[in-house]
Amino acid sequence: MATFLPALSTSAARAMAASSGAMAGYSMPRLEGTILNACSGGDYGVGTGARGAHDELAEVADLLGAGAAKALLGKDVLSDELPWVTGYIGLLGTRPSYELMRDCDTLLTVGSSFPYTQFLPEFGQARAVQIDVDGRMIGMRYPYEVNLVADAKTALRALIPHLRRKEDRSWREGIEKNVVRWWETMEMEAKVSADPINPLRMFSELSPMLPDDAIVTADSGSAANWYARCLKFRGTMRGSLSGTLATMGPGVPYAIGAKFAHPRRPVIAFVGDGAMQMNGMAELITIKRYWQEWGDPRLIVAVLHNNDLNQVTWEMRAMAGSPKFAESQTLPDVDFAGFAASLGLNAMAIKDPDELGDAWRSALSADRPTVLDVYTDPDMPPIPPHATWDQFKAATSAVLAGDEDRAGFVKVGLKTKAQEFLPHKKG
Ligand SMILES: Cc1ncc(C[n+]2csc(CCOP(=O)(O)OP(=O)(O)O)c2C)c(N)n1
Ligand SMILES: [Mg+2]
């Protein structure tokens, strides 16, 4: 059984609005309970609509022995420290989420309209139940047997008395093992040496240092991959990105918006150099204009400085089999730290991975906003979680001829993917 608890930016408000209203007849949860009780290996999926139903989700997952995968906008709905939470689902997602959906026999979707059905169980594989406060979302993405138009918390509360605790915990134990292995893989991948800095390491160094109340944003670009996979959310952390439109440019504006909404919470934005050149640099001027009004001045803009429109360079390699087209993909080199310093912001240019830890510590204790201009290696592939070693090798060999970055890719990319297959700490 898998639980899918995704979140849409608007659904939190919708869920709250509905929570005061009456829910559809309780015979529905009884039927839902029957289906869920019958499962042998279940999942659930969680979206933003599930925000605020954390305790109920945990109780349902515990009763059913389920694991939970999260939609990207629902990354902050359930803590990544829960051993049965498999992280994000989808192309930018994690391997344990992919396996959870691939192998489950029951799917409970709560507050999510996650659209990529290739990452859901095969049709016919799983009996499925959906809870969504918005009737327009019901039955949109999967052939659900039971559809509940209700807010997540109310529906799950009504459902819980109808569930029996699953005595056979083997499914859940398997999920927990996969999750442990996944986080070990992420650690190993972040340690792969790169030229000059492995972008995963920006995220893995920060992750354990994140204040419990941090708000994190990511731009559309390679940062979205590492935001999805490498940051462990916990506490009251919040996070967002352009989840539906996937547009470039929101990283810094979202962070500024977060500071106005929560001036006492530290905010961190991960933004590509392309997005910085598009609008992020101008938004640094907005930060200069307003930061002294914020109760806590910490706003960190971490730039992935790779001189490339890297996410699309990789998409073109993977999907079109095209080598890097430098004329459209290579960016002018810009001194982001120098520009930030000229605005009176705290600024650091980082070219040595061993300086990352101190850089994050100093930005997190600074008395003003900081720009971390991190020189990252463009040869780190954002490999989808389901790619097997053979598929990965086949896809990449097609691309190597004629690509100016081929030498770096062989060095960094192959070594990174290999971490999934190499022995881990516990064998
Ligand atoms: C407005 C807009 N233009 C183009 C795209 C297509 N696109 C997605 S990611 C990306 C490259 C981003 O480059 P950068 O900001 O440097 O981040 P990187 O991937 O290099 O880390 C592009 C062009 C988009 N999503 N939105
Ligand atoms: Mg870039």
Side-chain angles (χ1 to χ4, degrees), residues 1-7 11 14-16 18-70 74 77-78 82-86 100-101 103-114 120-121 124-135 137-176:
M1 159 79 185
T3 328
F4 179 48
L5 309 167
S11 26
R14 284 190 267 125
M16 280 188 308
S19 62
S20 54
M23 212 187 71
Y26 282 6
S27 60
M28 294 296 274
R30 224 169 272 137
L31 173 54
E32 189 181 14
T34 308
I35 293 174
L36 298 174
N37 282 327
C39 74
S40 53
D43 297 319
Y44 69 103
V46 186
T48 45
R51 180 164 293 124
H54 178 277
D55 293 348
E56 289 76 12
L57 289 167
E59 194 172 347
V60 170
D62 190 51
L63 284 165
L64 297 171
K70 301 184 281 187
V77 168
L78 276 177
L82 294 166
W84 45 272
V85 170
T86 59
L100 185 72
M101 294 294 158
D103 299 334
C104 73
D105 66 11
T106 318
L107 174 70
L108 168 60
T109 300
V110 185
S112 174
S113 70
F114 177 79
L120 294 177
Q125 169 193 325
R127 301 190 69 184
V129 173
Q130 182 181 18
I131 299 170
D132 204 292
V133 75
D134 185 346
M137 292 296 158
I138 285 293
M140 283 273 286
R141 312 295 191 195
Y142 199 79
Y144 294 100
E145 269 179 70
V146 175
N147 297 293
L148 289 174
V149 181
D151 101 278
K153 199 176 179 76
T154 312
L156 291 169
R157 275 205 184 142
L159 173 66
I160 286 166
H162 300 283
L163 298 178
R164 287 188 308 273
R165 186 182 154 80
K166 197 153 203 62
E167 294 312 325
D168 178 358
R169 308 303 284 183
S170 53
W171 169 258
R172 170 76 157 247
E173 284 158 14
I175 292 162
E176 293 188 4

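Summarising the geometry, atom CG belonging to D105 is positioned 7.5 Å from atom CH2 belonging to W171; distances are rounded to the nearest 0.5 Å. Of the inter-residue distances, the one linking N147 atom CG with I138 atom CD1 reads 4.5 Å to the nearest 0.5 angstrom.
A donor-acceptor pair under 3.5 Å links the side-chain atoms of T86 to the main chain of A68, judged by distance alone. The closest donor-acceptor contact from the side chain of E56 to the backbone of I160 lies at 3.5 Å or more, if one exists at all.
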Would you check, one step at a time, whether the test side-chain contact (heavy atoms from CB on, under 4.5 Å) holds for L108 with Y144?
CA-CA 9 Å; L108 168 60; Y144 294 100; over 6 Å; no
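Looking at W84 and L78, their side chains come closer than 4.5 Å, going by heavy atoms from C-beta outward. Side chains of L120 and M101 form a contact here, defined as non-hydrogen atoms less than 4.5 Å apart.
Nearest heavy atom pair, residue V77 against residue H54, reads O-CD2, 3.7 Å. Scanning both residues, L107 and P121, for their nearest heavy atoms gives CD2-CD, 4.0 Å. Contact between A158 and H162 at its shortest, heavy atoms only, is O-CD2, 3.1 Å. Between L57 and L156 the shortest heavy-atom distance is CD2-CD1, 3.5 Å. Residues A155 and I131 approach most closely at CB-CG2, 3.7 Å, considering heavy atoms.
Tested against V129 for a side-chain contact (heavy atoms from CB on, under 4.5 Å), the candidates V146, L159, V110 yield a single pass: V146.
In this model, no donor atom of one side chain and acceptor atom of the other lie less than 3.5 Å apart for T109 and Y142.
Residues satisfying the side-chain hydrogen bond (donor to acceptor under 3.5 Å, both in side chains) criterion with D62, sequence neighbours excluded, are R165, R169. With sequence neighbours excluded, the residues that form a side-chain hydrogen bond (donor to acceptor under 3.5 Å, both in side chains) with R172 are E176.
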